[in-house]
Amino acid sequence: MTTPKAKSVSKKTAGIKPTITTEQTPIAQALQNHLIFSSGKTSASATKRDWYASTAYTVRDHVIERWVKTVEGYREHDPKRVYYLSLEFLIGRMLSNAALNLGINDEVRDGLSDLGYQLENVVEMESDAALGNGGLGRLAACFLDSMATLDIPGTGYGIRYEYGMFRQTIEKGQQVENPDNWLRYVNIWEFQRPEHTYMVQFFGKVVEYPTKNGVGYHWVESESVVAMAYDIPIPGYDTHTVNNLRLWSAKATREFDLRQFNDGNYEKAVEGRNATENISKVLYPNDASASGRELRLKQQYFFVSASIQDILRRFLLKRREWNELPDKIAIQLNDTHPAIAVAELMYQLVDVHRLEWAHAWKLVVKIFGYTNHTLMPEALETWSVELFGRLLPRHLGIIYQINHEFLQMVNHKFPGDTDLLTRVSIIDESNGRRVRMAHLAVVGSHTVNGVAALHSQLLKTTLFADFNRIYPGKFVNITNGITPRRWLNQCNPQLTSLLEKVIGAGFQKDLSDLSDIVPLAEDKAFRKVFREIKRANKLRLAQRLEKVTGVTVNPDSLFDVQIKRIHEYKRQLLNLLHVITLYNRIRSGNADSITPRTVIFGGKAAPGYWMAKLIIRLINDVAAIVNEDPAVGDKLKVVFYPNYEVSAAELLFPGSDLSEQISTAGTEASGTGNMKMALNGALTIGTLDGANVEIKEEVGDENIFIFGLTTDEVAEKKASGYNPWDYYHANAELKQVLDMIATGFFCVDEPDRYKAIFDNLLQKGDHYLLLADYESYIATQDAVSALYKDQEEWSRRAILNVARVGKFSSDRTIGEYASKIWKIQALKR
Ligand code: F68
C-alpha cells in the first residue's frame, strides 16, 4: 500500500479538512468526505481499514439512492412479490460487487488511485459474509443478484448469524475450526431496523375455546423472543433495482431478570437473555446432514415466524381480500429448512386472522414452492414429535390436521393402499415418531423442483416417487445457475474485457451471447490472448498459494482443482488416489513422460464428520511427502488451500485448468462450481452426475472428460453385489496405492492413521464406488495429461467451454422460477 499523494491532501490542512480540489471526480471527493465525516479520520491517520470504510460508504450512498426508489416503486405499483426463505445466504464480500453492479467500478478505482490507493488492496479488508455452508447458500446469493438484475420484486429472508461459517486453519495437517467473528468491525452493508421487530413464541401449551363453527385454539404460557430486522441492499446489475435481504437477529424480550438481579445474582440475571440471543448466534456448519438439535429447530421457526409475520404485515398495508394473497405473494422454500413456514402461515391465517381452515389451506398451497437440493438420506430433516410438540405445540397440532386431510385424500385416490399411507405420511410412525419436513414441504407446496435435470428425474423416480403418483405434475426441474457478474466479470476482469472487446458487453445480461465467440476458438491469435489471460490468473493464484501454504508451484503446470465441501460422495479421495498413482509412476522412473500438474484441494469438513476430516489430513500428509520428494521436482505438487470461502473461490476459479466434478453418479444434485470453472475456461473431468450431464450437452462430448459408471450402472452394480476386492486385485496400480494408505506410507509416525480409509473402501463395501470408477478415472486423467501437452487444442476446447455455458447463468434460472413457479413479472422503473 502506498501513501496518499501530497497533491490530494496537503500536509497543512490534513489534520482538519480534506483538500478537495475541483479537478477531482465526485467519487474521489466523496471518498475523502467519508473518511472524515463517517470514520472521523484524516488521510494522515487513516488505516487501510478506514479507506475501505470510506470506499464502502461512498459506494453505499449510490446503492441507497436506488434502494429507496425501488422501495417507493414497489409501494406505489404494488406488484406481486416473491420471498426467498433460506437459512443460508453465502454472499461473500459486497463492495466490489456493488460497485460493479452499479457501473461505478472504474470511477471508484480511479478515485482511490488519485488518493494513492489501489482498489484491489482496499476490498481485501472486507470480511466475507459467510452465512452459509456451500452450494445451497451460494445459490441463494446468486439468486438475489439475478432477481435484482431482472427487476423482479424479490426479498430474501434469513438469519443474521453473529458467527458465520467457521474459519478453517490447517494445523499439523488437520482441520481446526475457528469462530468467524465477521461482525467484529462495523458492517457497513447492513441497516438495523428496530421498527421492524416481531415476537416469536416457543414452548407453552394449547388451549381450546368454543367458536361459532366449532373450536379455536390459543397458544398460551409461551416464552417470547424478539426478532429484529437487519436489511442488506442487493443491487442489480445495470438496472436501478435494488432489492432487500432481510436478516433476523434474536433479542431478549427483557433486559434481564430483575428478581435475580435484586437478589444480587447478576450472572443469573443475564443468563436468560443470553440463552434467547443464542438463537441467532451461529450458523450450523453441516452441509448435508440434519442435526436434529433443539437450537436448530428454534432457528428455523424463529426466522420463519418473523418472516411470515412481516410478509402478512406488508400485505395488510392495503385493505384487501384474503383471496388476493396468492396474487400478491409467492414464497420459495430453500430446501426443508424453512418448511415449518407451511404450518406457520396456517397458524397466522387461522388462529391469528381467523380464516376458515379450508380457505386458509387453499391459499397456503397456492403460495409455496419447495426446492429440494439433495437426495442424501442423512440430509432429510425429521424432528422427533416429542421435541416438536414441546417447542411448538400448536404447530404440531396443525401438522397433524394437515396430515389427516392429506392421508384422507390419498386414501380416496388409492383406496386400501395402507403401505402407501405409511410411506407418505408427514408423521413417520416407524421411527419413534418423527415429523418429516420434506413431506410437509411437498404437501404444502403447489410446485416442487429439483436443481438439475438428472436430479429432478431422480426425485420423481426415487425419493418422491409416491408423491409423484399422488400429485402428477407437481414435480418440475429448474437447472441451477450462477451469477456471471461475480463469477466472470468480478473474478476474471481480464477475460471479461477480452470478451467485451470481441463480442460487446451484451453477454453480461444475456450470457447465451457468449456463443458468439465459438468461431474464435479456431483463431490462433485469439487462442494466444486467451492463454495469456489464463496464465496471468494462474500466476496470481500461484502467488497466493505460496503466501498461504508456502508451497511454490509451477504456473505452467496443469492446475487441477477440486474445491467444494469435503464429503465422501464428492470423492476427494478418488482424486487423491490419482495423485498417489502419479507419484508412484514418477518414483518408478517415469517422470519424463508426465505432464506437470499442480493438484489443488480446498473445502471444509463438518466439524463432527470424522471421515471427512481424516481425508483432509491424508491430503496434507500426501502433500508433505510428494512436495518434498526431490525425485518429483515440479512434475507434481499437491496443495490444500485453507479456509475455502467465496473470496478464495474468486481467485481459484479463474486460475483453474481442470475442474474436478467426480461425485458418484446419482449423488450430486447439481453442483455449481462445475459451472463457475467452465465459465472461466477450465475443462471438466467428471461423472455423468448433477449438472455435469447438461454441461456435457452444452459444450459437446469432445470438450469434456466424462468417466465412470452412470446412475443406472451404479444402481445395478450395488444390486448385483458390488465387491471392491475384485477391483483391488485386478489393478496393480490401485492395489499399490491402497496398500500405501493402509500401511502408513504417508504417516510413518503413526502407521495406522489411515487404516479406517482402507477399511471403508475394502471391508465396508466402498459405499461411493471409488474402486469401481478408479480405472476409468485414471485412463481419463491420462487423456487429460496428453491433451494438455497440446496447448493449442487445449485452449481451443477451453474457449468452447466459455462459449457454450451461457445456459448456466442464474438469470436464466430465475427467469424460469419467475414464469413457471412464482408467476411473477418484472417491475422496471
Ligand atoms: C440439505 C440438508 C441439510 C440439513 C443441509 C444441507 C443440505 C444441502 O443440500 N446442501 C447443499 O448445499 N446442497 C447443494 O445444493 C446446491 C445448490 O442447489 C447443489 O448444486 C449441490 O449439488 C447440492 O449438494
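Note that ligands are numbered from 1 as they come in the structure, with each ligand's atoms numbered from 1 the same way. All values derive from a computational prediction rather than experimental measurement. Only this structure's heavy atoms are used, side chains among them; waters, hydrogens and symmetry mates stay out. Position 1 is the first residue of the sequence, and the numbers go up from there.
- For the pair Lys604 and Phe166, the cation-pi test (distance below 6.0 Å, angle within 45°) is passed.
- Each of the following atoms of ligand 1 lies closer than 4.0 Å to a heavy atom of Asp287: 5 (C), 6 (C), 7 (C), 8 (C), 10 (N), 11 (C), 12 (O).
- Taking 4.0 Å as the cut-off, Gly671 counts as a neighbour of ligand 1 on heavy-atom distance.
- In this structure, the side chains of Leu683 and Asn703 stay at 4.5 Å or more apart for every pair of heavy atoms.
- In this structure, CD in Glu694 is found 7.0 Å from CE in Met675, a value given to the nearest 0.5 Å.
- Residues Asp428 and Arg434 are not paired through a salt bridge, judged by the lack of any N-O separation under 4.0 Å between the basic side chain and the carboxylate.
- Considering backbone and side-chain N/O atoms, Arg296 never comes within less than 3.5 Å of an N/O atom of ligand 1.
- At least one N or O atom of Glu668, backbone or side chain, sits closer than 3.5 Å to an N or O atom of ligand 1.
- Not a single N or O atom of Thr374, backbone or side chain, sits closer than 3.5 Å to an N or O atom of ligand 1.
- Between Leu136 and ligand 1, at least one pair of N/O atoms sits closer than 3.5 Å.
- When side chains are defined from C-beta on, Glu660 counts as touching Ile685, because their heavy atoms get closer than 4.5 Å.
- Only side-chain heavy atoms of Tyr569 come within less than 4.0 Å of ligand 1; its backbone N, CA, C and O stay farther off.
- The protein non-hydrogen atom at the shortest distance from atom 23 (C) of ligand 1 is His373 O, 3.4 Å.
- Residues Gln299 and Ser280 bring no donor and acceptor atom of their side chains to less than 3.5 Å of each other.
- With a 4.0 Å cut-off on non-hydrogen atoms, Asn480 touches ligand 1 through its side chain and not its backbone.
- Considering backbone and side-chain atoms together, Ser670 places an N or O closer than 3.5 Å to an N or O of ligand 1.
- Between the Asp657 side chain and the Asp560 main chain, no donor and acceptor come within less than 3.5 Å of each other.
- Only the side chain of His337 comes within 4.0 Å of ligand 1, counting heavy atoms alone; its backbone N, CA, C and O stay farther away.
- For Val451, every heavy-atom contact with ligand 1 shorter than 4.0 Å involves the side chain, none the backbone.
- A salt bridge between Lys696 and Asp701 is present, with a side-chain N of the basic residue lying under 4.0 Å from a carboxylate O of the acidic one.
- At a 4.0 Å heavy-atom cut-off, ligand 1 touches Ser289 through the backbone alone.
- Counting the atoms of ligand 1 from 1 in the order shown, those under 4.0 Å from a heavy atom of Ala669 are 22 (O).
- Classification of the Phe464-Phe467 ring pair by plane angle, with boundaries at 30° and 60°, yields perpendicular.
- The distance from ligand 1 to the heavy atoms of Ala379 drops below 4.0 Å at these ligand atoms: 1 (C), 2 (C), 4 (C).
- Under the 4.0 Å criterion applied to side-chain N and carboxylate O atoms, Arg485 and Asp811 are assigned as salt-bridge partners.
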